[in-house]
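Written out below as structure tokens is the structure these notes cover.
As the structure lists them, so they are numbered: ligands from 1, and atoms in each ligand from 1.
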Amino acid sequence: MIMDKYVVIGNPVMHSKSPEIHNRFAMNTKQKMHFTHLLTPLNNFFFVIRNFFNEGGKGASITLPFKLEAYTLADILTQRASFAGAVNTLKLENGIIYGDNTDGLGLIIDIIQNFGMPIIDKRILLLGAGGAASGVLLPLLQQKPSSLVLCNRSYNKALILFKKFNKYAQLSVCKYSDLDGTYDLIINATSASLENNLPYLLPINIFSKASLAYDMMYDKTPTIFMQYASQHGAIIRDGLGMLVEQAAEAFYFWRGIKPKTTSILTMLRATLT
Ligand code: NDP
């Protein structure tokens with residue numbers, strides 16, 4: 001049987017759950033496709049992805065650190081990828097490379113539908129100004145929170161994002177040292193948890209018993225950020241649901257079918273090692 005080829009491209013990449021998720025989506029929706037890891041040298045993204053497409057590859061998930069390069073590679077961007085300035089999903093159709101960014105919708109679906117917390121009228125603190133933060137900023141603002149404060153260790157990077165989205169009156173920007181008061185939703189979009197660190201200078205008074213502290217990172221045990229937030233009263237959630245939901249959106253972008261996510265999320269949670 002001929003199978004359409006898909007990959008997740010990154011460095012490192014072998015830890016990625018994307019093949020597991022997409023091969024299961026394919027099985028459940030009866031799609032003839034096969035999904036694998038493609039470890040890519042840091043300085044060779046363009047060569048590797050073009051080669052993959054030239055050899056018949058249909059689509060790719062893009063992970064760290066290639067989302068910006070994928071953005072420059074795409075011939076046509078979806079509106080959300082264009083606003084994000086980063087691409088996490090590529091597909092080749094009729095010789096044209098299309099780029100999308102499904103991270104933001106993945107986060108929104110996980111918070112609103114899976115966790116059950118509406119975002120409208122909430123006070124949000126978004127930590128980080130890298131690829132993940134820029135991907136989720138617009139989808140979060142479109143949910144009409146009462147305020148969204150963007151905070152990053154390198155203040156200039158937060159300012160660049162702020163200028164891009166400052167037509168949204170709810171958006172403001174601050175330094176970690178200026179953080180004060182509690183938030184309803186605190187999203188850790190920094191990569192600090194990957195190194196088992198807390199975001200730089202994170203104060204404790206941002207958390208309350210009603211706060212949801214969401215770490216985009218996931219692990220078999222709560223991340224250091226989740227432990228810290230929980231010690232200071234917050235409800236916690238990791239990014240596994242976001243991962244599965246952004247993958248479902250990517251699958252839809254490639255195949256035009258939206259797979260069900262609940263059983264895969266349960267299975268992944270049970271098998272996290
Ligand atoms: P980037 O490398 O693009 O950005 C990293 C960000 O983290 C920067 O803003 C950086 O700040 C900040 N940072 C790093 N270390 C610290 C620290 N010790 N204290 C404060 N800030 C810090 O990474 P991404 O944006 O692509 O990814 C961020 C996280 O989101 C990763 O953990 C990734 O795994 C996760 N992610 C999860 C997804 C999911 O589906 N669950 C999807 C996408 C990402 P500075 O600018 O100052 O360097």
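Hydrophobic cluster membership is shared by F66 and F47, with clusters built from Ile, Leu, Val, Met, Phe, Trp and Tyr side chains linked at under 4.5 angstrom. In the hydrophobic cluster analysis, where Ile, Leu, Val, Met, Phe, Trp and Tyr join through side-chain heavy atoms closer than 4.5 angstrom, L159 is grouped together with L148.
Few gaps surround NZ on K258; more than 12 heavy atoms of other groups in view lie less than 6.0 Å from it.
A donor atom on one side chain and an acceptor atom on the other are not found under 3.5 Å apart for D100 and T89. A donor-acceptor pair shorter than 3.5 Å can be found between the side chains of T190 and N188.
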Could you pull out every N or O of ligand 1 that sits under 3.5 Å from a protein N or O, with the distance for each pair?
| unit_1 | atom_1 | unit_2 | atom_2 | d |
| --- | --- | --- | --- | --- |
| ligand 1 | 3 (O) | G131 | N | 3.0 |
| ligand 1 | 7 (O) | S191 | N | 3.0 |
| ligand 1 | 9 (O) | A129 | N | 3.0 |
| ligand 1 | 9 (O) | G130 | N | 3.4 |
| ligand 1 | 9 (O) | N152 | OD1 | 2.8 |
| ligand 1 | 11 (O) | N152 | OD1 | 3.3 |
| ligand 1 | 19 (N) | Y200 | N | 2.8 |
| ligand 1 | 25 (O) | G131 | N | 3.2 |
| ligand 1 | 25 (O) | A132 | N | 2.8 |
| ligand 1 | 40 (O) | L243 | N | 3.4 |
| ligand 1 | 41 (N) | M216 | O | 2.9 |
| ligand 1 | 41 (N) | G239 | O | 3.0 |
| ligand 1 | 46 (O) | N152 | ND2 | 2.9 |
| ligand 1 | 46 (O) | K157 | NZ | 2.7 |
| ligand 1 | 47 (O) | R153 | NE | 3.0 |
| ligand 1 | 47 (O) | S154 | N | 3.0 |
| ligand 1 | 47 (O) | S154 | OG | 2.6 |
| ligand 1 | 48 (O) | R153 | NH2 | 2.9 |

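Grouping Ile, Leu, Val, Met, Phe, Trp and Tyr by side-chain contacts under 4.5 Å, direct or through others, puts L64 with L194, M217.
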